[in-house]
Amino acid sequence: MLGIFERLAAHFGPLHWWPSDSPFEVAVGAILTQNTNWKNVEKAIANLKQAVALCPSGIKALAREELEELIRPSGFFRQKAERLQLFVDYLFTNHQGSLERLLAGPLDDVRQKLLALKGIGPETADSILLYGGHQPSFVVDAYTRRLLSRLEILHGKESYEQIRALFMDQLPHEPEMFNEFHALIVEECKTFCRKKPLCPSCPLVDMCPFATQSG
Ligand code: SF4
């Protein structure tokens, strides 16, 4: 894992991901990005900012229909509005309306609390923990699965938790590194390891069984 990280870091340089003004904005983005692309999320977040509603009390003050309208560009807006309001209700009931208070707890404890909430799966929970809470929780996504499968580190049936454990077990638990590694995997998969891969130019070509087999 470390070798892959170093190779990608040398090729792409520092990426510094997930720009946001607050941990809450990260959490909202992590919920809204489910089943859509980031451009659509940006439009929804811009709407929330314009309505001065990108904070727990702002979301809480909105009627469901108002929230749905503001986040409509992110798709599945009814489902996502419900998830956001349940998330905010949870914060007010248990953490005085503060995401920072929730995220200040021990990693495994906070992760379990997030996973218990409706509509928050492991990728969303880990994104909130890593990018919002600065906690060392590796984020696994479809790009991670594709890249590791082609490198034959995965064999196809591994669960989210098994893939996450590969990173958690083999790397130092440093949020900056987990942040950067995930960003590098996404960049690698958008640039080279696409659905139709561009193996000859890929920085991992000499360590990749897929390239050898298909080349
Ligand atoms: S060599 Fe090809 S298949 Fe292997 S990681 Fe690079 S782009 Fe993907």
Side-chain angles (χ1 to χ4, degrees), residues 1-20 26-27 29-43 74-76 107 111 114-115 120-215:
M1 287 298 179
L2 208 48
I4 296 169
F5 173 77
E6 284 168 355
R7 197 70 81 83
L8 293 178
H11 183 86
F12 290 107
L15 296 173
H16 303 305
W17 238 35
W18 211 308
S20 69
V26 172
I31 291 170
L32 294 183
T33 200
Q34 295 167 352
N35 303 307
T36 193
N37 66 49
W38 189 251
K39 288 233 170 309
N40 295 332
V41 176
E42 283 177 334
K43 289 178 200 156
S74 70
F76 301 97
L107 170 58
R111 191 168 190 262
L114 287 170
L115 289 173
I120 298 196
E123 186 182 338
T124 306
D126 291 328
S127 298
I128 295 171
L129 280 160
L130 179 61
Y131 294 106
H134 209 60
Q135 293 244 29
S137 196
F138 204 90
V139 178
V140 173
D141 62 7
Y143 291 127
T144 317
R145 190 178 282 278
R146 182 202 293 166
L147 182 65
L148 296 196
S149 297
R150 287 178 174 169
L151 291 169
E152 294 191 359
I153 294 168
L154 299 182
H155 302 285
K157 296 218 187 312
E158 290 85 351
S159 67
Y160 183 100
E161 296 300 333
Q162 286 172 316
I163 300 171
R164 177 176 177 266
L166 283 174
F167 291 92
M168 300 292 288
D169 292 348
Q170 292 185 32
L171 299 172
H173 285 196
E174 294 167 3
E176 295 78 13
M177 188 204 191
F178 283 7
N179 180 327
E180 202 59 20
F181 202 169
H182 181 233
L184 286 165
I185 290 171
V186 173
E187 200 58 32
E188 159 70 12
C189 287
K190 286 185 171 172
T191 310
F192 301 111
C193 205
R194 304 169 179 184
K195 277 187 186 155
K196 207 172 165 193
L198 304 174
C199 299
S201 334
C202 171
L204 304 176
V205 65
D206 62 319
M207 59 201 293
C208 182
F210 185 95
T212 312
Q213 288 155 21
S214 61

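Just so you know, ligand 1 is whichever comes first in the structure, and atom 1 is the first atom listed for that ligand. Quick caveat, the model's predicted, so the values are computed rather than measured.
Contacts classified as side-chain hydrogen bond (donor to acceptor under 3.5 Å, both in side chains) and involving residues 181-198 (residues at least two apart or in different chains) are given here: Tyr131-His182, Asp141-His182.
The two residues Ala27 and Ile128 make their nearest non-hydrogen contact at CA-CG1, 3.8 Å. Nearest heavy atoms, Thr144 versus Val139: OG1-O, 4.2 Å.
For Phe5, the ring-ring contact (aromatic ring centres under 6.0 Å, His included) partners at least two apart in sequence or on another chain are Phe181. Legend: residues meeting side chain to side chain contact (heavy atoms under 4.5 Å, CB included) with Gln34, ordered by chain and number and at least two apart, are Lys80, Arg83, Thr124.
The 4.0 Å heavy-atom shell around ligand 1 contains residues Leu147, Arg150, Glu188, Phe192, Cys193, Pro197, Cys199, Cys202, Val205, Cys208, Phe210, Ala211, ordered by chain and number.
Rounded to the nearest 0.5 Å, atoms CD1 (Ile163) and CG (Leu166) are 7.5 Å apart.
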